[in-house]
Amino acid sequence: MRSSLHPRPARRPRPRSRTRSRLVALFTGVAAVGVLLAAGTTARAADAPLRDLAEARGKVIGTAVTGSKLTGTYGDLAGGQFNSLTPGNAMKWETVEPSRGSYDWGEADRIVAFAQAHDQQVRGHTLVWHSQNPGWLTDGSWTADQLSTLLQDHITTEVTRYKGELAAWDVVNEPFNEDGTYRTSLWYQGLGSDYIARALTWAHAADPDAKLYINDYNVEGVNAKSTALYDLVKSLKERGVPIDGVGLQAHLILGLVPSTLQQNIERFAALGVDVAVTELDIRMQLPSTDAKLAQQAADYRAVMNACVAVSRCAGVTVWGFTDSDSWIPDVFDGYGAATPYDANYVPKPAYGAIATALGGTSTPPTGDCTAAYSVANEWNTGFTGQVTISCSGAALSSWKVSWDYGAGQRITQAWNATCAQSGTTVTCSNASYNGTVPSGGSVTFGFNGTWSGSNPVPAVTLG
Ligand code: G2I
């Protein structure tokens with residue numbers, strides 16, 4: 001079997017550096033106005049990307065992705081922070097075979113190619129499900145034999161296409177009702193519960209190296225549904241049906257991580273299968289508050305800790321890493337903020353919780369954010385200055401800049417920031433309305449000051 005983590009090639013693209021404390025002074029001598037600039041990057045302590053922390057522990061840290069979004073900041077973070085990708089929708093039956101016999105692998109291929117370019121695993125999702133099937137399939141009327149052939153052809157075609165390229169497949173998705181009875185899906189109605197064993201067997205025949213999973217929600221703790229799944233896996237193992245793992249989706253609600261999560265993972269592991277948390281998100285009622293985000297971080301930490309504690313827990317995949325790419329607000333009215341990054345790609349406390357659970361420090365990466373100081377206007381004893389904070393590949397939710405006036409300058413007034421001077425040191429922080437600097441965006445504030453003798457541009461520190 002393939003190891004759960006591929007070795008990293010020498011030339012894996014690295015995420016942008018987060019540690020530079022360099023202070024760059026850029027001088028542009030425009031005689032009349034005398035514009036002078038100084039720029040400084042963030043000087044905060046660095047942390048390793050999540051994927052490096054996870055790999056050091058032999059774990060997967062994955063995210064569901066949308067193929068069309070894999071550029072810019074979304075692509076940088078998806079490629080830089082995670083060592084596994086799951087196509088959120090791209091490998092589902094309605095996407096790959098919207099009309100019978102006519103296949104569209106575009107988005108799925110794109111995700112697989114991106115993953116390979118970034119030395120990431122791909123988790124295939126999903127081959128047999130009651131949902132997101134094409135109309136021609138669900139509207140048809142099929143005999144059991146026809147249905148079985150359709151399913152076999154679908155699984156064989158799709159698994160063969162990606163043979164040797166995927167680490168794992170969510171072969172069967174959501175087979176159970178909450179009480180542990182089988183869901184009366186198209187498949188169960190036509191083929192009985194044996195569709196599960198058949199699907200696993202066909203998938204194994206098409207790609208013997210892929211780890212084959214059954215995946216469901218509300219099976220994170222010990223309950224009737226997870227016990228039905230446990231009994232099914234036990235009997236499949238006893239019958240020699242190829243089953244490698246169990247996926248706990250983990251679409252959780254704030255403050256409600258099941259207390260029996262680790263115990264549940266352990267009982268599956270004892271059956272001789274892997275366990276993966278496959279679709280983690282933790283939703284809250286909007287708006288988010290600092291208290292809710294702190295609770296969410298504790299919840300993410302609890303899930304991570306449970307997986308880290310059990311060696312057969314392969315890892316954790318989040319169902320979208322940014323709130324701009326989450327299914328929650330579309331489906332749960334008034335709920336959201338469920339992922340580790342907000343919609344502007346600012347890491348939330350949940351990000352720090354994932355990092356610390358994987359053995360890292362809690363400082364989120366700040367990417368490349370710079371502060372540039374310029375003197376816009378200068379007269380005999382006074383001047384007007386401004387500082388622009390710009391981000392690319394990262395974002396800030398609040399900011400603070402400081403500098404030292406070495407030539408006796410003093411700030412007299414500031415706007416769009418709160419500034420204070422103590423001795424020679426000036427410190428300015430965001431106003432209530434301009435703390436957010438999105439990736440690709442900037443914020444500027446201004447000030448007046450006094451000078452005499454000379455008015456050199458100071459080195460500015462952000463952070
Ligand atoms: O429903 C959440 C997840 C539960 N477990 C299985 C996962 O496969 C499932 O993922 C979600 C996707 O994240 C959504 O993006 O599955 C949904 C469908 O049940 C996906 O939503 C659908 C929308 O309902 C469609 O309107 C849309 O055309 O996504 C489609 C593609 O964007």
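Ligands are counted one by one from 1 in listed order, and the atoms in each one are counted from 1 as well.
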Do the side chains of [X] and [Y] get close enough for a salt bridge, i.e. N-O under 4.0 angstrom?
X      : Y      : result
Arg161 : Asp109 : yes
Asp179 : Lys225 : no
Arg312 : Asp274 : yes

Legend entry - Reference residue Tyr188; test ring-ring contact (aromatic ring centres under 6.0 Å, His included); the match among Trp129, Phe176, Tyr182: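 Output: one option passes, namely Tyr182.
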- Item | All side chain to side chain donor-acceptor pair (under 3.5 Å) counterparts of Arg110, not counting sequence neighbours |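 Listed in chain order: nothing, the list is empty.
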*Relative to the ring of Tyr341, is the ring of Tyr351 parallel (under 30°), tilted (30 to 60°) or perpendicular (over 60°)?*
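Perpendicular: the ring planes of Tyr351 and Tyr341 meet at over 60°.
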- Query: Got the residues with a heavy atom under 4.0 Å of ligand 1, by chain and number?
  - Reply: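 Around ligand 1, where the cutoff is 4.0 Å for heavy atoms, the contacting residues are Asn89, Lys92, His125, Trp129, Ser131, Gln132, Asn173, Glu174, Gln249, His251, Glu279, Trp319, Trp327.
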